[in-house]
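Remarks on the structure that follows.
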Amino acid sequence: MKEIDVSVLIPCFNEQENIPYLIETIDAFTKNNAHISWEFVFIDDGSKDNTWALLEKTCLEGVHLQLLQLAKNFGSHAALRAGISVARGRYTTFLYADLQDPIDLLLQLFEKIQKHKKEVVWAVRKQSQGIFSALYAFLMQKIVNKNFPSTGFDVVMFSRKVQKNLNNAIENESSLFLQILDFGFSDASITYQKQFRRLGKSKWTIKKKLALLLNSIFGFSIFPVYSIALIGFLFLLMAFGSIVYAVYTKNFTTWLLPIVLLLGFGFTQISLAMLGLYLWRSERKFAKPAFIIQNTIIKNANTLL
């Protein structure tokens, strides 16, 4: 039996308009690249429309197919983690139902990772996708990981070694891409042009963007804790300056309350920072799972090892 070369994970949330065109595109692509053994894993991330019903009817010739239905909407990164947990290919990569990331990227990434013998290959956008994208990339570079590309990325291909590490460290409400970047595996990159969405509306709301930004900063950077400590030291410095000024002017009555408040705020901020450092250094544990798989359907299983 033939080993699967590439597992392609596709998270879907209320994408009923895009599913028919997506399946048609995948079918044409895999037939034109039949020398590669493909697995496609569709993850229905709690859709409220007919996305799951359409996926259940899907059948791709010569392609191993897995359909996962999550119990509710956990978010795209959690959906991808669910796909990673069941992917069976030598390499794993992502594709999105709106096809804004062209399907030809799959072939480019596979050729790149094969040629350069890397564990990870990033598909880096040629330009940022709006103000939020540029701001997010800037903050990631400055306070999280200097290797984060200035134009950002949405697609990556990685080896089974990376997949194993991701499955051993499933993080809730965390950036999957930053986690892979943080591993430090050998990597390479390609560049591509993001496409316009053909059908439907983007589910990437402002709320989800802000959640990703906060999760990325607080999940992968100690900067917020250091900021609290810095504010505390500034309060103490102001308190010390006030004491010196009160001694110089011999006016303790006027400056007593400000000095006490500044000292109190300063020690409180530093205490919070120390507590934050202890929490940061401790093992992160999550009270709830990153995802829950409600249904699984496997088709064309004869392509497995």
Query raised in the report: Cationic tip of Lys72 within the cone over Phe74's six-membered ring, i.e. under 6.0 Å and within 45° of the normal?
Result: yes
Query - Ion pair check, Glu119 and Lys164, cut-off under 4.0 Å - result: no
Requested in this report: Check each of Arg90, Arg160, Arg88 against Asp5 using the salt bridge (charged side-chain N to carboxylate O under 4.0 Å, His left out) test, and report the only one that passes.
Outcome: Arg90
Report task. Report the relative orientation of the aromatic rings in Trp122 and Phe177; use parallel for angles under 30°, tilted for 30 to 60°, perpendicular for over 60°. Result -> tilted
Report task. Could you check if a side-chain atom of Ile43 sits within less than 4.5 angstrom of a side-chain atom of Leu70, using non-hydrogen atoms only? Result -> yes
Query raised in the report: Rounded to the nearest 0.5 Å, what separation is found between the CG atom of Asp98 and the OH atom of Tyr21?
Result: 11.5 Å
**Report entry** Val120 side chain near Met157 side chain, heavy-atom distance below 4.5 Å
**Finding:** no
Report task. Kindly say whether Asn50 contributes a backbone atom to a donor-acceptor pair with the side chain of Trp52 at under 3.5 angstrom? Result -> no
Query raised in the report: Rounded to the nearest 0.5 Å, what separation is found between the CG atom of Leu67 and the NZ atom of Lys57?
Result: 13.0 Å
Report task. Starting at CD of Glu171, measure out to CG of Leu166 and round the result to the nearest 0.5 Å. Result -> 9.0 Å
Query raised in the report: Measuring from Thr25:OG1 to Ile103:CD1, what's the distance to the nearest 0.5 Å?
Result: 6.0 Å
Query raised in the report: Do Arg125 side-chain atoms and Thr191 backbone N/O form a donor-acceptor pair below 3.5 Å?
Result: no
Requested in this report: Given side-chain hydrogen bond (donor to acceptor under 3.5 Å, both in side chains), test Tyr91 with Gln163 step by step and report yes or no.
Outcome: CA-CA 8 Å; Tyr91 300 103; Gln163 179 190 19; over 6 Å; no
Requested in this report: Give a yes or no on whether the backbone of Asp154 and the side-chain of Tyr96 come within a donor-acceptor separation of less than 3.5 Å.
Outcome: yes
Report summary line: Nearest heavy-atom approach of Leu60 to Leu65 is CD1-CD1, 4.2 Å
Report task. List in chain and number order the residues that pass ring-ring contact (aromatic ring centres under 6.0 Å, His included) with Tyr192, two or more places apart in sequence or in another chain; answer none if no residue qualifies. Result -> none
Requested in this report: Please list, chain by chain and in numerical order, all residues satisfying ring-ring contact (aromatic ring centres under 6.0 Å, His included) with Phe183, sequence neighbours excluded.
Outcome: Phe185
Query - Donor-acceptor contact below 3.5 Å, side chain Gln179 vs main chain Ala169 - result: yes
Report summary line: d(Leu80 CG, Leu176 CG) to nearest 0.5 Å is 6.0 Å
Query raised in the report: Is the backbone N or O of Ser47 less than 3.5 Å from a side-chain atom of Thr51, with the two atoms forming a donor-acceptor pair by type?
Result: no
Query raised in the report: At what distance, to the nearest 0.5 angstrom, does CG of Leu68 lie from CG of Asp44?
Result: 9.5 Å
Report task. State whether the side chain of Asn73 and the backbone N or O of Asp45 hold a donor-acceptor pair below 3.5 Å, judged by distance alone. Result -> yes
Query - Donor-acceptor contact present, side-chain Glu39 to main-chain Ala87, <3.5 Å - result: no
**Report entry** Closest approach of Thr93 to Leu109 (non-hydrogen atoms, all atoms of both residues)
**Finding:** OG1-CD1, 3.7 Å
Query raised in the report: Are any side-chain N or O atoms of His77 and backbone N or O atoms of Ser175, one a donor and one an acceptor, separated by less than 3.5 Å?
Result: no
Query raised in the report: Judged by modelled atom types alone, do Asn18 and Glu15 share a side-chain donor-acceptor pair under 3.5 Å?
Result: yes
Query raised in the report: With a 4.5 Å limit on heavy-atom distance, are the side chains of Pro11 and Phe94 in contact?
Result: no
Report summary line: Closest non-hydrogen contact found for Ser189 with Val124 is CB-CG2, 3.9 Å
Report task. Specify the closest pair of heavy atoms between Asp27 and Glu61, including all atoms of both residues, with the distance to one decimal. Result -> OD1-N, 4.3 Å
Query raised in the report: Hey, is the main chain of Thr58 close enough, under 3.5 Å, to the side chain of Lys299 for a donor-acceptor pair?
Result: yes
Query - Closest approach of Ile19 to Cys12 (non-hydrogen atoms, all atoms of both residues) - result: CD1-SG, 4.2 Å
Query raised in the report: Just wondering, do Val41 and Val86 contact through their side chains at under 4.5 Å, heavy atoms?
Result: yes
Report task. For Thr92 and Ser7, indicate whether the former's side chain and the latter's backbone hold a donor-acceptor pair under 3.5 Å. Result -> no
Requested in this report: Report the relative orientation of the aromatic rings in Trp38 and Phe110; use parallel for angles under 30°, tilted for 30 to 60°, perpendicular for over 60°.
Outcome: tilted
Query - Trace of the salt bridge (charged side-chain N to carboxylate O under 4.0 Å, His left out) decision for Lys118 with Asp187 - result: CA-CA 5 Å; Lys118 300 292 185 180; Asp187 61 0; over 6 Å; no
Report task. Search all heavy atoms of Ala97 against all heavy atoms of Ile10 and return the closest pair with its distance. Result -> N-CG2, 3.9 Å
Query raised in the report: Is the centre of the Phe40 ring less than 6.0 Å from the centre of the His64 ring?
Result: no
Query raised in the report: If we only count heavy atoms from C-beta on, is the Asn167 to Asn165 side-chain gap below 4.5 Å?
Result: no
Query - Hydrophobic cluster identity match, Leu237 and Ile243, side-chain contacts under 4.5 Å - result: no
